[in-house]
There are 2 protein chains.
Amino acid sequence: MRSCKVLVDGRRQITGFYFVDDIFGVEPGLAHRLSAEATRATRAVAYLQPGSAGGLSRLDDRLSRDAITSAVTDLGRSHEHAILLGRKTAIEKVASFLLDTAERMRSDTFELPMSRLDIADHLGTTIETVSRIMAKLARDGVITLQNGRRAIALRNKAALCRLQES
Amino acid sequence: MRSCKVLVDGRRQITGFYFVDDIFGVEPGLAHRLSAEATRATRAVAYLQPGSAGGLSRLDDRLSRDAITSAVTDLGRSHEHAILLGRKTAIEKVASFLLDTAERMRSDTFELPMSRLDIADHLGTTIETVSRIMAKLARDGVITLQNGRRAIALRNKAALCRLQES
DNA sequence: CGCATCATTGAGCTCGCTCAACCGTCGTGG
DNA sequence: CCACGACGGTTGAGCGAGCTCAATGATGCG
């Protein structure tokens, strides 16, 4: 799943991706200010805030506890994402993204579950830039691309870490 | 207060500013991954996680509840900040920043509590760009600058809203 | 007064965006 | 079975928003 915000003129920012068993959508207040969409066929379970005025009630039960943990985890990720968006160069953004994705997929070889457009809108760049940089990384032997370019294998994580700069 | 992350080479991203009575510093796990600094003389109160393994324990007491609320509020702000960093132009960033600050200060006339460098590092730009854009906004009569350029008065909020694009 | 710090302003350059063409894959219908 | 179009991805060329470098101005402090 991706959760995103869009500006009136259509510019889009994907605030985060969610993988299996991730919890998402915890927001302050009643109104949801961002939307979540599936990037592919997905099964999701909805937990609705019980009737009470929509505040953070019933903190004592297990679900609320998980929701809070997820919000705090998300917050940490958001902070990491902020420095990526605000201060990293295009190549550093892609390197960070690949390392982060590999970690969340628990494998150095994986199929990206999202399109280049989704990646670009997550990293605050364009599809062309993502494409060019992935091509360069492949040329340099740092990664391998296959099969419609969605399948990725990290060949040299040390080099990626060096590129990511953080 | 400002909370920020820095890359190895010194590039800095300020993830957020905190004003009077704001709670900050809620983070996943034991290790703090970002640092908080005062932008001027400040009195802060520290709440230490009670001995227990550092998880989100004792959810039932008042303080934890406030901490959770602050984390969720921060998360919402982070998402707003992400689209600013990733998708807005320099002038839109500054317009958003001014409107947001006015709202948090509850006044259209205020003294900025942080330097241009802090603003730039928050918006993912440079001091020069911030300076140039503020000058332009003043030239256009949208804002007024005085007194060492820290004092700001919003003269035309409608115009700022139009500039901010969200 | 001199120095340090913060902010402004100018000039030139660069990274990444825009625009555009092209390629490969897939699914659909004749 | 193949032609076709749609879609996602790649690649090239040129351009411009914003960065870098540099000089100057304003303010405050010892």
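Since the model is a prediction, treat every value here as computed from it, not as a measurement. Below, chain A is the first sequence line, B the second, and so on; all start at residue 1. In what follows, every heavy atom counts, from backbone to side chain, and hydrogens, waters and symmetry copies are set aside.
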Original post:
Of T125(A) and V130(B), whose closest DNA chain C nucleotide lies nearer the 5' terminus?
Top reply: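 Going by which nucleotide is closer to the 5' end, it is V130(B).
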**OP:** Return the 5'-most residue of the pair S131(B), T89(A) with respect to DNA chain C, ranking by each residue's nearest nucleotide.
**Re:**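 Its nearest nucleotide being more 5', the pick is S131(B).
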Original post:
S115(B) near the nucleic acid: base, sugar-phosphate alone, or nothing, with a heavy-atom cut-off under 4.0 Å?
Top reply: sugar-phosphate
**OP:** Report yes if some heavy atom in the side chain of R11(B) is under 4.5 Å from a heavy atom in the side chain of E165(A); otherwise report no.
**Re:**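 They are in side-chain contact.
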Round to a whole Å and report the spacing from [atom1] of [X] to [atom2] of [N].
| X | N | atom1 | atom2 | result |
| --- | --- | --- | --- | --- |
| K136(B) | dA17(D) | NZ | C1' | 14 Å |
| M134(A) | dT10(D) | CE | P | 8 Å |
| K93(B) | dG18(D) | NZ | P | 8 Å |
| I119(A) | dT10(D) | CD1 | C1' | 14 Å |
| M114(A) | dG9(D) | CE | C1' | 16 Å |
| D9(A) | dT18(C) | CG | P | 11 Å |
| L123(B) | dG18(D) | CG | P | 12 Å |
| I127(B) | dT9(C) | CD1 | P | 13 Å |

Could you tell me whether [X] and [Y] have a side-chain N and a carboxylate O separated by less than 4.0 Å?
| X | Y | answer |
| --- | --- | --- |
| D22(B) | R104(B) | yes |
| D121(A) | R87(B) | yes |
| R155(A) | D108(A) | no |

Original post:
dG16(C) phosphate, OP1 or OP2: any side-chain N/O from T129(A) under 4.0 angstrom?
Top reply: no
Original post:
Reckon R116(B) has a side-chain N or O less than 4.0 Å from the OP1 or OP2 of dT8(C)?
Top reply: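 For dT8(C), OP1/OP2 do have a side-chain N/O of R116(B) under 4.0 Å.
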**OP:** Scan side-chain atoms only and decide if K88(A) and S96(A) contain a donor-acceptor pair under the 3.5 Å cut-off.
**Re:** yes
**OP:** Could you pick out which residue, I133(B) or R150(A), lies toward the 5' side of DNA chain D when each is mapped onto its nearest nucleotide?
**Re:**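 This one resolves to R150(A).
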Original post:
Starting at the 5' end of DNA chain D, which residue's closest nucleotide do you reach first, E128(B) or I91(B)?
Top reply: I91(B)
Original post:
Within the modelled atom types, does a donor on one side and an acceptor on the other bring the side chain of R132(A) and the base of dG9(D) under 3.5 Å apart?
Top reply: no
**OP:** Just compare dC19(D), dA7(C), dG16(C) and give me whichever is closest to any side-chain atom of T126(B).
**Re:** dC19(D)
Subject >> Given dA7(C), dT10(D), dT11(D), the nucleotide with the shortest approach to the side chain of L145(A) >> reply: dT10(D)
